[in-house]
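Contents: one structure, followed by commentary.
These numbers were taken from a predicted model, which means no experiment stands behind them.
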Amino acid sequence: MKGKRRITQVRYVAVPAFLLLCFAFTFDPPSSPFEVRRVQGDGFPRSGLADAWGERPVQALVGAIRSVTAGVGNASFSELDAETWRIDNPCAARAELGPRYARRPNAQELDPYPEWELVLKEYSALHRTCMRSVGNVTEYFLSGATTSNCKFLIMEIEGVGLGNKIALLISGMLYAILTQRVVLLNTNSLIPSTICEPFLGSSWLLDEQFPLPGNNGWEKTMLGSWAGWESPIWKSSKYFERGVDSTKAGKDVAFSSAVKVEFSDPEVKRFFCDTEQAFLTEPTWLHFSGCLYFLPKIFAVPAFRPALEAMFPDPSLTLTYLLRSLMFPKNNVWEQVKQHDKDLFADVDRRVGIQVRFLYGRKVYFRGASKRANDHVKQCVAENNILPSIVSLNPELQSSEAQSGQVIRVLVTSLHTALTEELLRMYENHRTATGDTVKVTQLTQRGKQGFSADEDIMAMVEILLLSFVDELLVTPLSTFGGLAQAYGGIRPWFVDVKNDDHSCVRAQSVDLCYQASSSRYECPHDPDVDSKEIQSLVPHMRICLPIEENYGVQLVSPNHVP
């Protein structure tokens, strides 16, 4: 009986305590400087720019950017200031990278997009003016101030490879420009060790004391997640969407001025809706994290599309323009690129790049995938006349025998050496059908991916070297190869490392695939688009090729023929 009584007492005490704990998570947190209470009813605009586009959407965007800059106050910036900033932030690639692509005999030259260049110039002024006006961003954030005209987008990126970092970052930067937000980057991203400061007269780096959303807060625990507890400062996209629903239903709702959105799987589908974007004009602070490239779907937001299409007449090249305008390698990185470029490509007639990445680490999978990749690469280059075939397998033939054709340099980038060894065996001592000489090079073979600054620097070097080639073969889903194709403006060949149905497939676009993205709108407050297929409303949007992803979307050229 005593034992039973003790058990009963424990249950009697534990159950109410558990319930009280759960209730504590579900109650609204106390008000704070980051909480803004709105009047009852839908008092938000449809979009910050939707009513102003008219027939001149770029001019409307420029006007919106200038209005923010003008509203901040006077922040003079002279030519002497600009020159001083350039000395303090040297970046030779800013002038030297573009001409490297013009060397290619069959390269498609990028026409200047003056509308994009104008918008970028005005946004740089906004970034500079806001950063000079606000001063210490951390102190400004902690004060909960909303007196400035400036709003911010915090990008927290770490724990992934350089390709994923840049793909997410460049997506966020385009969004920041469209919504007139100052984009800032956490120093732990390691991006500052690789990429130049992008905005004249300003810095995009957060100090290390900035209170990023905690990864170890109660809201991250299983109990906190189940109970729906939210950080007292940074509110999740789900919390934000519930506020939108309540406000649209005519309720008086308190909105946070600090909202976080994660770009991973599962997708935050309602982020790409006009109504949600109209509400997102209100928070002073947005925080983006994750690892997925989401730029294509920004074109799906009806309010953004007119300006985007005016700035980028060929939407499939949007990423290419952004990379060549904003993502320049720092001088120490660029010097390595130039030296390797000289050593590899100075005296060759054609350049071929091959990038192979295995997404799974199990040895059994790697053995099978590696053999398949080697076989498919050889089959792909032969079937598509990328590399010449071998007409003699006589091992007595010496490589020193003169051949009358062109010199072709093959650059292989991979964590492993199996493919390079296979190609060397094919071409090193054997004559080709065309008389061409094929030289094969691999700069690194680390065996596994790392996440240090040194590894990011070498990754950037190899990405840019791959982007200089005439023909490119890449592995599906790899943002490493994807950035090379985008920097170079190259429509690559995807090597199939999973199936034997085909060796390779030509990409439908220069653009990357937004992986794990729905191709259908989920916009409950926008009946004109809700539940419709995005590609039925956005003519330059397509579902990614099956070899890349089971579901996802990407941008294609207006002249694209399926």
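Panel note: side chain K330, backbone S193; no donor-acceptor pair is recorded below 3.5 Å. Of the possible polar contacts, one joining the R520 side chain to the S531 backbone as a donor-acceptor pair under 3.5 Å is found. Within the 3.5 Å criterion, the main-chain N or O of R491 finds a donor-acceptor partner in the side chain of R506. With hydrogens and angles disregarded, no donor-acceptor distance shorter than 3.5 Å links the side chain of R351 to the backbone of R409. With hydrogens and angles ignored, the 3.5 Å screen pairs a side-chain donor or acceptor of S236 with a backbone N or O of Y239. No donor-acceptor pair under 3.5 Å is formed between the side chain of D436 and the backbone N or O of G405. Distance alone, capped at 3.5 Å, is enough to place a donor-acceptor pair between the H376 side chain and the D496 backbone. One N or O on the side chain of N331 and one on the backbone of A92 form a donor-acceptor pair closer than 3.5 Å. With hydrogens and angles ignored, the 3.5 Å screen pairs no side-chain donor or acceptor of E548 with any backbone N or O of P476. When atom types are taken as modelled, the side chain of Q535 and the backbone of I543 share no donor-acceptor pair closer than 3.5 angstrom.
Contact check for R357 versus L415: side-chain heavy atoms found under the 4.5 Å cut-off. A 4.5 Å side-chain heavy-atom check between P296 and S171 finds every atom pair outside the cut-off. The shortest side-chain heavy-atom distance between F299 and T318 falls under the 4.5 Å cut-off. You'll find the side chain of I195 reaches within 4.5 Å of the side chain of W204, heavy atoms only. Counting heavy atoms from C-beta on, the side chains of T179 and L280 never come closer than 4.5 Å. Contact of the L169 side chain with the S189 side chain is not registered, since no non-hydrogen atoms from C-beta on lie closer than 4.5 Å. By the 4.5 Å heavy-atom criterion applied to side chains, V183 and Y123 are counted as neighbours. For the pair R270 and D526, the minimum side-chain heavy-atom distance is 4.5 Å or more.
A pairwise comparison of heavy atoms in L465 and D341 identifies CD2-N, 3.8 Å as the closest pair. Annotation for C291 and L168: closest pair N-CD2, 4.1 Å, computed over non-hydrogen atoms. Taking each heavy atom of A176 and L153 in turn, the nearest pair found is CB-CD2, 3.9 Å. Nearest approach of C504 to N384, heavy atoms of both residues: SG-ND2, 3.5 Å. Residues T444 and Q442 come closest through the heavy atom pair O-NE2, 2.8 Å. In this structure, L387 and Y427 approach most closely via the heavy-atom pair CB-OH, 3.5 Å.
For N332, the CG atom sits in a packed shell: over 12 heavy atoms of surrounding residues, nucleotides or ligands are nearer than 6.0 Å. The environment of NZ in K378 is crowded: more than 12 heavy-atom neighbours from other residues, nucleotides or ligands sit within 6.0 Å.
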Checklist entry - Does the pair L344 and F468 meet the rule for a side-chain contact (heavy atoms from CB on, under 4.5 Å), with working shown? => result CA-CA 11 Å; L344 294 173; F468 296 156; over 6 Å; no
Item to check | Derivation and outcome, side-chain contact (heavy atoms from CB on, under 4.5 Å), residues L286 and V261 | outcome: CA-CA 8 Å; L286 292 184; V261 183; 5.6 Å; no
Checklist entry - Step by step, would you call L178 with M311 a side-chain contact (heavy atoms from CB on, under 4.5 Å)? => result CA-CA 11 Å; L178 289 168; M311 286 190 291; 4.1 Å; yes
Item to check | Steps toward side-chain contact (heavy atoms from CB on, under 4.5 Å) verdict (D375, D500) | outcome: CA-CA 10 Å; D375 292 343; D500 289 319; over 6 Å; no
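Side-chain N/O atoms of D511 and S316 include no donor and acceptor closer than 3.5 Å. There is a side-chain donor-acceptor pair under 3.5 Å between S517 and K297. Under 3.5 Å, the side chains of E533 and S519 contain a donor-acceptor pair of N or O atoms. Side-chain contact, Q355 with E462: no donor N or O sits under 3.5 Å from an acceptor N or O. With hydrogens and angles left out, the side-chain atoms of Y175 and Q277 include a donor and acceptor closer than 3.5 Å.
Partner F271 forms a ring pair (Phe, Tyr, Trp, His ring centres under 6.0 Å) with one of F263, F279, F240, Y521 and no other, that one being F263. The side chain to side chain contact (heavy atoms under 4.5 Å, CB included) test with L308 is passed by exactly one of L555, I298, L61, V58: I298. Of the listed residues (T320, L466, L97), just one forms a side chain to side chain contact (heavy atoms under 4.5 Å, CB included) with Y487, and that residue is L97.
Atom CD1 in I191 sits 5.5 Å away from atom CG in L162 (nearest 0.5 Å). Taking CZ of R94 as the start and OG of S325 as the end, the distance is 10.0 Å to the nearest 0.5 Å. Atom-to-atom distance recorded for K338:NZ and D343:CG is 13.0 Å, nearest 0.5 angstrom. Remark: I386 CD1 to R350 CZ distance equals 8.0 Å, nearest 0.5 Å. Atom CZ of R542 is separated from atom SG of C513 by 14.0 Å, given to the nearest 0.5 angstrom. Taken from NZ in K342 to CG in D347, the straight-line distance is 10.0 Å, to the nearest 0.5 Å.
For the pair K260 and E156, the salt-bridge criterion is not met [side-chain N within less than 4.0 Å of a carboxylate O]. The existence of a salt bridge linking D456 and K165 is confirmed by a sub-4.0 Å separation between a basic side-chain nitrogen and an acidic carboxylate oxygen. The pair E241-K238 does not meet the salt-bridge criterion, since no charged nitrogen lies less than 4.0 angstrom from a carboxylate oxygen.
Judged by the 6.0 Å distance and 45° axis criteria, R103 is not positioned over the aromatic ring of F345.
Listed by first then second residue, pairs satisfying ring-ring contact (aromatic ring centres under 6.0 Å, His included) with a partner in residues 316-336 read Y113-Y321, not counting sequence neighbours.
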